[in-house]
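For reference, positions follow the sequence shown, starting with 1. Keep in mind that this is a model prediction, so the values were computed, not measured.
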Amino acid sequence: MQRPWPRMIALVDMNSFFAAIEQLDNPFWRGRPVAVTNGTKGTCCITNSYEARAYGIKTGTHIRKARELCPGLIQAPARPQRYAEVSTQIMRALGNVSPTLEVFSVDEAFLDLTRCQSLYARMNPNELGLWIKEVVYEASGLNCSVGLSGDKTTAKWAAKLIKPNGLTVIPPWESEERLAPVAVTELCGVKAGVGGFLAQRGVALCGQMKHIPISTLAQRFGNPGKRIWLMAQGKDPEPVTTTVKDPRTIGHGKVIPPDTDDPVVLLTYLRHMAEKVGRRLRKYGFEAQTFTVGLLSQLGWIGRKFRLDYPTQDGHVVFRLAEGTLSSCWNGEGIFQVHIGALDPKPARVQMDMFEQHNPKRLQVLSAIDKINSRYGEFSIMPAPLINRSTMPNVISPAWKPFGHRETIDY
């Protein structure tokens with residue numbers, strides 16, 4: 001490597017990850033349009049192969065519309081366990097490239113290569129990027145796109161430039177110039193709200209950002225605003241983070257048959273979500289005291305927020321809150337979606353409050369059930385009403401990580 005960079009950050013972005021895995025495992029599907037849906041009854045495309053995208057099929061396209069666009073479309077039921085397995089293999093391999101690895105999502109990862117430059121001195125940045133692609137391919141059999149630059153934002157933007165199977169190298173001293181003609185809303189994390197705020201001040205392109213003071217964004221958005229000001233100039237200071245922060249919320253929701261107005265059916269869905277929340281709290285050693293229960297109708301969300309006297313990780317306790325919501329907030333209108341969330345998850349206490357009314361036997365029963373379900377499959381043991389729960393399979397969250405509380409696919 002000819003000239004050491006002050007910082008060297010790579011972003012590895014898998015190409016059409018779920019669909020690519022389906023094509024990898026089903027050779028007859030390679031080169032053909034594939035759409036991944038949530039089970040055989042899934043109505044929307046979760047992701048699509050590049051062959052399907054050529055027909056105008058996008059993420060979120062209804063499967064009926066997708067078949068109109070592409071009569072030969074192959075519908076592949078999602079296999080979240082398999083996607084998690086492949087992602088884990090990729091992240092483990094990338095960890096051998098650099099120990100400073102941030103799993104950004106199930107199919108993306110940042111690598112901080114700054115301190116590894118002397119180790120890879122025999123390679124120039126372009127060769128290093130190609131080698132990273134080889135590492136990913138050897139670990140998974142899949143292609144990826146790689147962006148290499150001096151900060152996270154520029155690296156992520158660079159990785160999007162050539163897809164699929166691309167490589168873009170932008171030396172840090174060229175970042176500002178390369179980003180100058182780019183719309184600020186193309187940068188990761190700059191959404192319509194921030195974009196509108198900037199547009200009102202004459203900033204539509206990254207190159208226009210330096211024409212306003214950093215304090216303009218700092219006063220409105222705080223430290224994230226300062227970062228956005230620097231991001232647009234190729235100077236994103238954000239480090240590659242190797243740890244997973246404790247969750248701000250833990251929630252589960254499910255889209256249900258449209259206009260469901262049967263209270264028994266609604267309670268079954270709510271019980272299902274409550275048990276999922278409780279199980280996930282216990283699995284990762286959290287408990288929560290504040291919960292929300294929501295139901296989506298044509299007029300919007302209805303529901304309640306609850307504050308318990310004591311924190312819990314028991315799905316049965318959470319379900320009682322859902323029952324209360326249904327009886328007090330629901331007027332019989334058709335429901336399209338349900339959701340239950342724990343708003344303040346915190347590490348579970350080892351020492352119980354002396355005034356807390358808890359049942360040690362109940363905790364032992366829950367622990368035993370969790371062990372059985374972990375071994376034999378989710379809800380091998382369950383409350384009897386959940387026998388009639390939805391058969392729609394679980395999905396993998398885009399924020400899935402191969403460690404910590406995000407190592408879950410039971411959404």
Student check: side-chain heavy atoms of Phe291 and Leu343 closer than 4.5 Å | no
side-chain contact (heavy atoms from CB on, under 4.5 Å) evaluation trace for Val318 with Phe306 = CA-CA 10 Å; Val318 179; Phe306 297 87; over 6 Å; no
Pair Glu238-Thr153, side-chain contact (heavy atoms from CB on, under 4.5 Å): steps then yes or no = CA-CA 9 Å; Glu238 183 77 6; Thr153 294; over 6 Å; no
Do the side chains of Pro237 and Arg227 get nearer than 4.5 Å, heavy atoms only?
-> yes
To the nearest 0.5 Å, what is the distance between OG1 (Thr61) and CG (Leu73)?
-> 10.0 Å
Do Thr168 and Leu148 come within less than 4.5 Å of each other through their side chains, counting heavy atoms only?
-> no
Could you walk me through whether Ile9 and Val240 pass the side-chain contact (heavy atoms from CB on, under 4.5 Å) check?
-> CA-CA 8 Å; Ile9 308 295; Val240 173; 3.9 Å; yes
Mind checking the OG1-CG spacing from Thr268 to Leu266? Nearest 0.5 Å is all I need.
-> 8.5 Å
Option from Ile214, Ile228, Leu179, Leu230 for which side chain to side chain contact (heavy atoms under 4.5 Å, CB included) with Met209 holds | Ile228
If a pair satisfies salt bridge (charged side-chain N to carboxylate O under 4.0 Å, His left out) and one of its residues is in residues 169-194, list it, with sequence neighbours excluded.
-> Glu176-Lys210
Not counting sequence neighbours, list each pair that qualifies as a side-chain hydrogen bond (donor to acceptor under 3.5 Å, both in side chains) and has a residue in residues 48-60.
-> Gln23-Glu51, Ser49-Glu51
Smallest separation among heavy atoms of Trp5 and Pro125, with atom names | CZ2-CG, 3.6 Å
Nearest heavy-atom neighbours spanning Met123 and Glu127 | CA-OE1, 3.3 Å
Tell me, please, which residues at least two apart from Pro257 pass side chain to side chain contact (heavy atoms under 4.5 Å, CB included).
-> Thr260, Tyr269
Without swapping roles, check the side chain of Thr114 against the backbone of Arg7 for a donor-acceptor pair under 3.5 Å.
-> no
Output for pair (Thr292 OG1, Ile340 CD1), nearest 0.5 Å, gives 8.5 Å
Would you please name every residue forming a side chain to side chain contact (heavy atoms under 4.5 Å, CB included) with Leu296, sequence neighbours left out?
-> Trp301, Gln337
Short question: side chain of Thr241, backbone of Thr243 - any donor-acceptor pair under 3.5 Å?
-> no
Nearest heavy-atom approach of Pro99 to Thr242 is O-CG2, 4.2 Å
Any residue meeting salt bridge (charged side-chain N to carboxylate O under 4.0 Å, His left out) with Asp314, in chain and number order, not counting sequence neighbours | Arg362
Ser16 versus Thr47: any side-chain heavy-atom pair under 4.5 Å?
-> yes
Look up atom CG in Leu326 and atom CG in Leu295, then write down how far apart they are to the nearest 0.5 Å.
-> 6.0 Å
Taking all non-hydrogen atoms of both residues, which atom of Val106 and which atom of Phe17 are closest, and how far apart?
-> O-CE2, 3.9 Å
Test His252 against His339 for side-chain contact (heavy atoms from CB on, under 4.5 Å), laying out the working first.
-> CA-CA 6 Å; His252 288 273; His339 184 273; 5.8 Å; no
Would you say Ser87's side chain and Tyr83's backbone share a donor-acceptor pair under 3.5 angstrom?
-> no
Could you list the residues that satisfy side chain to side chain contact (heavy atoms under 4.5 Å, CB included) with Cys44, not counting sequence neighbours?
-> none
If only atom types and distance count, is the side chain of Ser149 paired as donor or acceptor with the main-chain N or O of Ile170 below 3.5 Å?
-> yes
Counting distance only, does the side-chain N/O of Ser328 pair as donor-acceptor with the main-chain N or O of Gly324 below 3.5 Å?
-> yes
Looking only at heavy atoms, which two atoms of Cys188 and Met231 are closest? And how far apart?
-> O-CE, 3.3 Å
For residues Ile335 and Asp261, determine if any side-chain heavy atom of one lies less than 4.5 Å from a side-chain heavy atom of the other.
-> no
Is there a donor-acceptor pair under 3.5 Å between the side chain of Ser140 and the backbone N or O of Val136?
-> yes
Here the salt bridge (charged side-chain N to carboxylate O under 4.0 Å, His left out) pairs for residues 147-164, sequence neighbours left out, are Asp13-Lys163, Glu102-Lys152, Glu108-Lys156
When rounded to the nearest 0.5 angstrom, what is the spacing between CG in Asn38 and NZ in Lys254?
-> 7.0 Å
Are Phe110 and Phe104 close enough that their ring centers fall under 6.0 Å?
-> yes
From Ile21 CD1 over to Asn26 CG, what is the distance, rounded to the nearest 0.5 angstrom?
-> 11.5 Å
Quick one: which residue pairs count as a salt bridge (charged side-chain N to carboxylate O under 4.0 Å, His left out) with a foot in residues 18-33, not counting sequence neighbours?
-> Glu22-Arg79, Asp25-Arg79, Asp25-Arg82
Kindly say whether Leu308 contributes a backbone atom to a donor-acceptor pair with the side chain of Gln289 at under 3.5 angstrom?
-> yes
By side-chain hydrogen bond (donor to acceptor under 3.5 Å, both in side chains), which residues pair with His62, not counting sequence neighbours?
-> none
With sequence neighbours left out, write down each residue that passes salt bridge (charged side-chain N to carboxylate O under 4.0 Å, His left out) with Arg64, or none if nothing qualifies.
-> none
Determine which pairs satisfy ring-ring contact (aromatic ring centres under 6.0 Å, His included) with at least one residue from residues 184-228, sequence neighbours left out, and list them in order.
-> Phe197-Phe221
Intermediate values then yes/no, side-chain hydrogen bond (donor to acceptor under 3.5 Å, both in side chains), Thr100 and Asp112 = CA-CA 5 Å; Thr100 311; Asp112 190 335; 5.5 Å; no
If you look only at pairs with a residue in residues 131-164, which of them pass as a ring-ring contact (aromatic ring centres under 6.0 Å, His included), with sequence neighbours excluded?
-> Tyr120-Trp131
Heavy-atom side-chain proximity of Asn15 to Leu142 below 4.5 angstrom = no
Test salt bridge (charged side-chain N to carboxylate O under 4.0 Å, His left out) applied to Asp344 and Lys305, Arg307, Arg248, the passing residue = Arg307
Side chains of Leu270 and Thr325: does their closest heavy-atom pair fall under 4.5 Å?
-> no
Given side chains that start at C-beta, do those of Thr312 and Leu281 come closer than 4.5 Å, heavy atoms only?
-> no
Quick one: closest heavy-atom pair of Leu94 and Leu111, and the distance?
-> O-CD2, 3.6 Å
For Gly300, does its backbone N or O pair with a side-chain atom of Ser297 as donor and acceptor, under 3.5 Å?
-> yes
